[in-house]
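A short write-up of the structure that comes next.
Atoms within a ligand are numbered from 1 in the order they appear, just like the ligands themselves.
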Amino acid sequence: MSNNILQLPLRQFKGVGPKVFSKLESMGLETVEDLLFHFPLRYQDKTRLSCIGELKEGMDAVVRGTIRASGIARGRRPTLIVKVDDGTGLITLRFFHFRRAQAQQLRIGDTITLFGQPRMVGGNTEFAHPEYMVGDREPQLEEALTPVYPVTEGMGQSTMRNLTQQALTYLTQNPPEDLLTGLPGDSPSITDSIKLLHRPSPDANTAAIVAGEHPAQLRLALEELVAHQLSLLSRRARTHEKTAAPVNSQGKLADAITSQLPFTLTGAQQRVCEEIVADLRKSTPMLRLLQGDVGSGKTLVAALTAAHMVESKHQVALMAPTELLSEQHFAGFQKWFEPLGINVLWLTGQIKGKARKAALERIEAGEVDIIVGTHALFQDAVAFKSLGLVLVDEQHRFGVNQRLSLTQRGLNEITPHQLTMTATPIPRTLSMVAYADLDCSTIDELPPGRKPITTALIDNDRRQSVIERVGNACQQGRQAYWVCALIEESEALDATAAEVTAEQLEAALPGLRIGLLHGRISSQEKGDIMAAFANHELDILVATTVIEVGVDVPNASLMIIENAERFGLAQLHQLRGRVGRGAVESHCILMYQSPLSQTARDRLTVMRESQDGFVLAEKDLEIRGPGEVLGTRQTGVSSFRVARLPEHNELLEKAQDIASNMVSTDAQRAEKIEQRWTRTLEAFAHV
Ligand code: ADP
Ligand code: MG
């Protein structure tokens, strides 16, 4: 059987010793087939020489010219700067790491051949750390595109090329089955498609391949998307085989809560509540995503949903991504529920020892109806008497794995209903991929009376005037958030930056009360600081992105974000959403460090011009790609092998049709496709 050869273990390949083998294993590559379906991440185009004058941001470019200047700039860290001219333009090379010999080797007047991706910085073209070759020798251009494979650390590209080359010889002898039917007649076969992706031929349409638009790529992308849809369908089917606790409430509790409110529900809140409750009345578990822009009032919808479940005598768990937010939810739920005789418990990491044991016992005995906590709540062995509903706030901040572990919890064969909330609007196409196994409700209306937030972009140079402006506003009773620059993925460094800023503001604005909040502050203290800010005992809250989600202090009307160019759009939108919640007009100041790259400038301009989360999300997807937009690298979307979003959006709907059709007409074929791509999809098993 041809399939058996494709299942051949890679152990037998030339050049696969124990070290390479273990690397392959860690990449999930065990058989010839795995390797064949492990496609290049991208291609390097070293097939032609470009003129400096025609370079575009981010493209692959080989250029050749004469060195006109070369020297070391002594700034905070020495940088080797070289200028190269080819008669059509001038390009600047920057080396932040270099050896002395290297600096001496790059001499004025020499010919140099370069390969890199240009960046446009303030009207200049730059290469950072390009590959280069000095000398008059004719540059060796490649005949075809060079594949660049996704690899783990310690695995070289040349090893990958060597191994895929061997795998391709098996492919020719044992062509895999063409499982997708109904493709246009001129679609390439799966065998040809696989070959082309691994080894683009010299005469293939280079531009199309680089753009991901070659028919071979489209064919494989479609199959991959079909496989993904199939896996979502199977999962959905498995969910529907489970049993949930149906609610039989009359809505008395929910009505009691709404009648205490100082406002009425928006039409959208009412509608989504109805959609959700209709699901809860079923005996199969609900799996629903509640989308709604920042400040649209999702918490209240969650509370009303919880009320129905509690009225039906089952427990509800509410989980938030941070302790800070879980505490805020606890306070809110307490305020709404306790006057009605419903017990709410906050299960935090701080409850330890005896107190924790007592809390767990109360949960197990059913003495508490609503349990609020962070996801740690679910990692511990918490036994519920009867968990009917799980509410997950700000889903995008969780590792996606949690979604699965939650649905598996629940005693006595009862699977809890699940409502997942997110304020990061997900472009429709992307939600078809990431959340296609969920039903979706959308709050598409903000509570009335919200004033638009005015957004301004201000250069860091004018920091002093921003500080004065904030000082004046606070003197008039306003409150402000000051979000500090994200330095890198290090809480310690972020914390230090925030401390420094807080000190500066204190010195510049004596008389104002300034609080400081960052990841290194104990959650007890965080809660206290947040409460002080909420009670207007503080005027300015200097913070890191810990305040990104959920924080709700309606009197705060100023949001200052430092080095805004380092944040993603979704994140900026979330941060900005902390203001504009009260009756006064709100302002958001995005400070940036110039010079801004064109992309960063575009991004910040979009922020200034739009306040619509959906518009921003689409833009974010365009600029940064799906992995970033979903806010987590584990969603699997970024681990598609061939399919790219948004470039392949148009294939999505087709893939959905093919998948749902195949499930009912040819289950065996469906299973084969799913299996073939399984390794890619493993990540999705947890979405
Ligand atoms: P998000 O959807 O971002 O989680 P929240 O649930 O935090 O939004 O709600 C934001 C603010 O709007 C809260 O202060 C909440 O009390 C208030 N709110 C919610 N619903 C309404 C409504 N229908 N009318 C007026 N204010 C509301
Ligand atoms: Mg919220």
Do ligand 1 and Gly295 have nitrogen or oxygen atoms that lie under 3.5 Å from each other?
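Yes, Gly295 has an N/O under 3.5 Å of an N/O on ligand 1.
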- [ ] Flag Gly297 as yes when one of its N or O atoms lies below 3.5 Å from any N or O atom of ligand 1, and as no otherwise.
- [x]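 Yes.
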_Close approach of Arg450 to ligand 1, heavy atoms, under 4.0 angstrom_ = yes
Numbering as shown, the atoms of ligand 1 that approach [X] to under 4.0 Å (heavy-atom distance):
X	result
Leu265	23 (N)
Thr264	22 (C), 23 (N), 24 (N)
Val294	3 (O)
Arg581	3 (O), 7 (O), 10 (C)
Thr299	4 (O), 5 (P), 6 (O), 7 (O)

Any side-chain donor-acceptor pair under 3.5 Å between [X] and [Y]?
X	Y	answer
Ser249	His308	yes
Asp279	His417	no
Trp482	Glu562	yes

Residues pairing under ring-ring contact (aromatic ring centres under 6.0 Å, His included) where one sits in residues 243-267, two or more places apart or in two chains, turn out to be none
Note to self: Heavy-atom pairs closer than 4.0 Å: do any link ligand 1 to the side chain of Met421, the backbone, both, or neither?
What the structure shows: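 Near ligand 1, Met421 shows nothing, with every heavy atom at 4.0 Å or more.
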Nearest non-hydrogen contact to atom 14 (O) of ligand 1 from the set Thr422, Thr266, Asp552 belongs to Asp552
Here the salt bridge (Lys or Arg N to Asp or Glu O under 4.0 Å) pairs for residues 534-545, sequence neighbours left out, are Arg513-Asp539
Result for side-chain hydrogen bond (donor to acceptor under 3.5 Å, both in side chains) between Asp293 and one of His573, Lys298, Gln611 points to His573
To the nearest 0.5 Å, atom CZ of Arg469 lies from atom CD1 of Ile458 at 5.5 Å
